[in-house]
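One structure is given below, encoded as structure tokens.
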Amino acid sequence: MAFGWIDEQAELRRRAGLVRTLRPRAADTPLLDLASNDYLGLARHPEVTEGAAAAARTWGAGATGSRLVTGTTELHAELERELAAFCGFEAALVLSSGYAANLAAVTALAPYGSRIVSDAGNHASLIDGCRLARGATHVAAHGDPDAVRKAFQEHDGPALAVSDTVFSVDGDAAPLAELAAVCRERGAGLVLDDAHGLGVLGDGGRGAPHAAGLAGADDVVVTVTLSKSLGSQGGAVLGPARVIGHLVNTARTFIFDTGLAPAAAGAALAALGLLRREPGRAARAGAVARELHGRLTAAGLEAVRPDAAVVSVRAPSPEQAVRWAADCRAAGLAVGCFRPPSVPDGVSRLRLTARADLSGAEIERAVRVVGETRP
């Protein structure tokens, strides 16, 4: 029977407690949201939503085509200029998602004969970029620059290191300065996914590469998403102008994909403007994360110390993680639930998002619910 193997796979997932389901949310949900990636609380900010609405009224609902045909508007060009200037890079290229941005950067910068060294904790989009690239991939131990150095020594051709700046599972930061030093010893490029750093780390939220002194370097390329701190949707690649020009001509997820919707571009531009005017939002998100961590550990929970805005709380098993998240929801708190295969170490977790707009009372409520519902 066609697709008969799907039933076998579904049964295996059920037995392992790994079934995933879609849960549509209402626009006016009463849940306290610590599950989304809205780090700065901008997704519903009036200036951001008006930026989206104004762009849709001016440019229409969709981009109407790929970026190289009709999908590039003056709005896209403005967003690229603003992103590059804010983060400290020479140029930027906007794509339809952060996932597409990672696929574009890795596949276009790792030609046949090259070696890609990828951190074991990298996001799925970087992993898929490595799989699709023509270079050969070596997976290095998590957060270990010496492992990257060794992998480079075993290869003579072009080389590229690939890493998240802040890892999405535990919220720990990569050793960026050390990684860059290793790459420069070898003459290798460095691609950094700053999805969880933009808006939270660096001067006024300019990102982890900016904080590490790597912004604008001619051997560093950074990808970002517009769907987290900026409260919109889409992604971008930042780097030297010659690298961005290369992506325009070779990156398949840019060339053959429809351009980012004008509304998303308008929302991201408005969010960038807000962040420029209110740089304290970035520091507040980090402060909330540290407060959540401190309160959770004081309550006897095993929480990983956050380097940005992700707070990870260990769960005993996949099944108990699912039940824990469901009990939190029943008590009015939405939290993330990470289980295999989303977690490379096999340890299931709850993931809490520290938002800059959380009040002290909301932080206290979140910690109380997580503690009272623990398995």
Side-chain angles (χ1 to χ4, degrees), residues 59 62-118 122-123 125-137 157-163 183 187-195 198 207 209 214-226 233-262 264-265 268-269:
W59 296 101
T64 76
S66 66
R67 290 288 308 275
L68 289 170
V69 184
T70 59
T72 296
T73 68
E74 294 171 358
L75 192 66
H76 291 83
E78 182 183 359
L79 176 56
E80 287 166 345
R81 288 192 299 270
E82 289 296 319
L83 274 171
F86 182 75
C87 296
F89 288 86
E90 188 176 11
L93 187 67
V94 168
L95 292 92
S96 61
S97 71
Y99 209 111
N102 275 341
L103 295 186
V106 178
T107 57
L109 297 176
Y112 181 80
S114 64
R115 166 160 288 193
I116 312 164
V117 183
S118 176
N122 278 344
H123 187 265
S125 54
L126 286 178
I127 294 170
D128 286 352
C130 293
R131 289 170 174 169
L132 290 171
R134 295 184 179 183
T137 299
L160 184 73
V162 178
S163 179
C183 288
L190 178 59
V191 171
L192 299 172
D193 177 358
D194 201 34
L198 177 66
L214 301 178
D218 61 7
D219 56 354
V220 175
V221 172
V222 171
T223 62
V224 297
T225 179
L226 313 179
Q233 190 166 347
V237 183
L238 314 172
R242 66 191 183 97
V243 171
I244 298 305
H246 175 70
L247 264 63
V248 169
N249 285 277
T250 62
R252 294 172 67 84
T253 54
F254 172 80
I255 296 170
F256 297 106
D257 194 16
T258 298
L260 181 67
L269 266 170

Inset, instruction - Could you verify whether a donor N or O on one side chain and an acceptor N or O on the other, from T64 and T70, lie under 3.5 Å apart? - result: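 On atom types as modelled, these side chains qualify, holding a pair under 3.5 Å.
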
Inset, instruction - Could you tell me whether a side-chain N or O of H76 sits under 3.5 Å from a main-chain N or O of A265, the two making a donor and an acceptor? - result: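 Here the side-chain-to-backbone pair does not exist.
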
Legend entry - Side-chain donor or acceptor of T137 paired with backbone N/O of S118 under 3.5 Å: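 Side chain of T137 to backbone of S118: no pair is present.
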
Heavy atoms, side chains only, cut-off 4.5 Å: are [X] and [Y] in contact?
| X | Y | result |
| --- | --- | --- |
| L190 | L192 | yes |
| L269 | E78 | yes |
| V94 | R67 | yes |

As an exercise, state the distance from [atom1] of [X] to [atom2] of [Y], rounded to the nearest 0.5 Å.
| X | Y | atom1 | atom2 | result |
| --- | --- | --- | --- | --- |
| T223 | L238 | OG1 | CG | 8.0 Å |
| T107 | L132 | OG1 | CG | 7.0 Å |
| N249 | L68 | CG | CG | 7.5 Å |
| T250 | I255 | OG1 | CD1 | 6.0 Å |

Inset, instruction - Can you establish whether the number of heavy atoms outside E80 located under 6.0 Å from its atom CD is more than 12? - result: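 Buried by this count: over 12 neighbours within 6.0 Å.
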
Inset, instruction - Give the C-alpha distance, both sets of side-chain angles, the deciding distance and a yes or no for side-chain contact (heavy atoms from CB on, under 4.5 Å) between F254 and L247. - result: CA-CA 8 Å; F254 172 80; L247 264 63; over 6 Å; no

Legend entry - Salt-bridge criterion met for R81 and E74 (N-O under 4.0 Å):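 E74 and R81: not salt-bridged.
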
